[in-house]
2 protein chains.
Amino acid sequence: MESSSAKAGGSTRREATRQKLYEAAVTLIAEQGFSATTVDEIAERAGVAKGTVYYNFASKSVLFEELLRHGVGLLTASLKEAAEQAAREGRGKVDALDAMIRAGLVFIDRYPAFTQLYVAELWRTNRAWQSTLMVVRQEAVAVVEGVLREGVAVGEFSDEIDVQLTAAALVGMVLVAALDWKSFQPERSLDDVHAALSRLLQGRVSGRV
Amino acid sequence: MESSSAKAGGSTRREATRQKLYEAAVTLIAEQGFSATTVDEIAERAGVAKGTVYYNFASKSVLFEELLRHGVGLLTASLKEAAEQAAREGRGKVDALDAMIRAGLVFIDRYPAFTQLYVAELWRTNRAWQSTLMVVRQEAVAVVEGVLREGVAVGEFSDEIDVQLTAAALVGMVLVAALDWKSFQPERSLDDVHAALSRLLQGRVSGRV
DNA sequence: ATTTTTGCACTGACCAGTCAGTGCAATTGC
DNA sequence: GCAATTGCACTGACTGGTCAGTGCAAAAAT
């Protein structure tokens, strides 16, 4: 019986436990914040003994840091994928940005708790995982900056734009709009929200029709 | 009776102490979060005894709630003021939005810690001050929604825009861009940042010059 | 046979909130 | 004048509870 995944990373069982702990931790911390969430709660929600948490992670904050890395990894991969696909299909940079907005929305749709928690921790200072967070943020924003820069190089975007700030603003736009969507009008469809943001991106807000 | 200081509001000393406590609490909570910040720390930073905190506020979370109300009050007033001034001067709704973006930036420039803390707590659920936060958020976003709606009525904005979502996206854009500015490129001027966001608002990102 | 998980008792640091008491200025009584 | 009194703002040691992390023997899974 070659256990399914075999030699690859580590035993499958352990990986499954870690996954359960991530899922339990992410919702609890999104709701209550890191400090207000107890390890006992996380263990209970994951359906696991407290000792298991410490068998798998060195400490509560290490668990959290690995959770952050894991989550942002997924997002970054998804953004890159969207940008590359648009490029492969020979579409313009505006389309690439649009595709990334959609990818961002899809991600937030699937992992709303993670997004919540990420936003809540991002601009804090003086916390243990601060530097982890910076690195991980930079990876994600860099993908957007890359597309903007290419757009400027190709002449599709004005060379007067401030790449760094514009990238941050775009990310913020999607993040906040999406959190609002999930929190206050969750019945709306992803397409709907995407259309509204596309319109904003392309400056079709002012101007009739 | 007219006790010493007198007539206006309440005793001056008390008001001064509360102000000191607000200031101490806002920076500490912005840095560390609500739960990770202790009442002892707040008292120490404010230069008062712990008992004084409880003499002035019923509990740690009441202190925090009043802080939130106080801060968002300032922001809302400032946004309204900007929108009204643009209207008084007979400028268009795009200009009004632009003026509000600037007002938002000025606010964040002046109270970065408050902004940080606000963003961090906004999308949490299951917290004591949740409802306070909702009310207070709605007040601020409503100002932006109002201008958008007026713009649609006047025909200056497309009637296809989704007012609620667009307002949220705009707020997010300013919020996140400004926090990025303060965190990662604090040497830049407000005008600079404002110009970059104006450009984005008016869809002058794509399109040459 | 080894790795992983369980269950549970325990420790020690930390922290929100309390309370008896202090300092001080203004008011009252004489 | 000058005690005695009152009320306000503040103090800081203390209490009762909470929680991260530990230790370990027994059970389960692979």
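Each chain gets a letter, A, B and so on, in the order the sequences are listed, and its residues count up from 1.
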Considering only NZ, NE, NH1 and NH2 on the basic side and carboxylate oxygens on the acidic side, decide whether B/D98 and B/R91 come within less than 4.0 Å. no
Does D/dA9 have OP1 or OP2 under 4.0 Å away from a side-chain N or O of B/T17? no
Using a 4.5 Å cut-off on heavy atoms from C-beta on, say whether the side chain of B/Q185 contacts that of A/L165. yes
Nearest-nucleotide 5' precedence on DNA chain D, A/F34 against B/G51: B/G51
Take the protein atom NZ of A/K50 and the nucleotide atom C1' of D/dG23, then report the distance between them rounded to whole Å. 13 Å
What does A/V48 touch in the nucleic acid at a heavy-atom separation under 4.0 angstrom: a base, only the sugar-phosphate, or nothing? sugar-phosphate
If you compare every side-chain N and O of B/Y55 against the phosphate oxygens of D/dC10 (OP1, OP2), does one of them come in below 4.0 Å? no
Is there a side chain to side chain donor-acceptor pair (under 3.5 Å) between A/E23 and A/Q19? Walk through the geometry before answering. CA-CA 6 Å; A/E23 276 159 29; A/Q19 189 64 36; 3.2 Å; yes
Please report, rounded to the nearest Å, how far the C1' atom of D/dC10 is from the CD atom of B/E44. 17 Å
Residue-phosphate contact under 4.0 Å: B/N56 side-chain N/O, D/dA9 OP1/OP2: no
Over how many whole Å does the gap from B/R14 atom CZ to D/dG7 atom P extend? 16 Å
Atom-pair distance (CG on A/L21; P on C/dT5), nearest Å: 9 Å
I need the B/L117 CG to B/L67 CG distance, nearest 0.5 Å. 6.0 Å
Separation of A/K60 atom NZ from D/dT18 atom C1', in whole Å? 12 Å
Please work out if B/T38 contacts a base, only the sugar-phosphate, or nothing of the nucleic acid, heavy-atom cut-off 4.0 Å. sugar-phosphate
Could you tell me how far apart B/R13 (CZ) and C/dC24 (P) are, to the nearest whole angstrom? 10 Å
Quick check for you: among D/dA9, C/dT6, D/dG21, whose closest atom lies nearest to any side-chain atom of A/S59? D/dG21
Which part of the nucleic acid does A/T37 contact within heavy-atom distance under 4.0 Å: base, sugar-phosphate only, or nothing? sugar-phosphate
Test side chain to side chain contact (heavy atoms under 4.5 Å, CB included) on B/K93 and B/V152 and set out the steps. CA-CA 9 Å; B/K93 296 305 172 189; B/V152 172; over 6 Å; no
In whole Å, I'd like the distance from the CG atom of B/D40 to the P atom of C/dG17. 11 Å
Please state how far atom CZ in A/F57 lies from atom P in D/dT22, giving the value in whole angstrom units. 15 Å
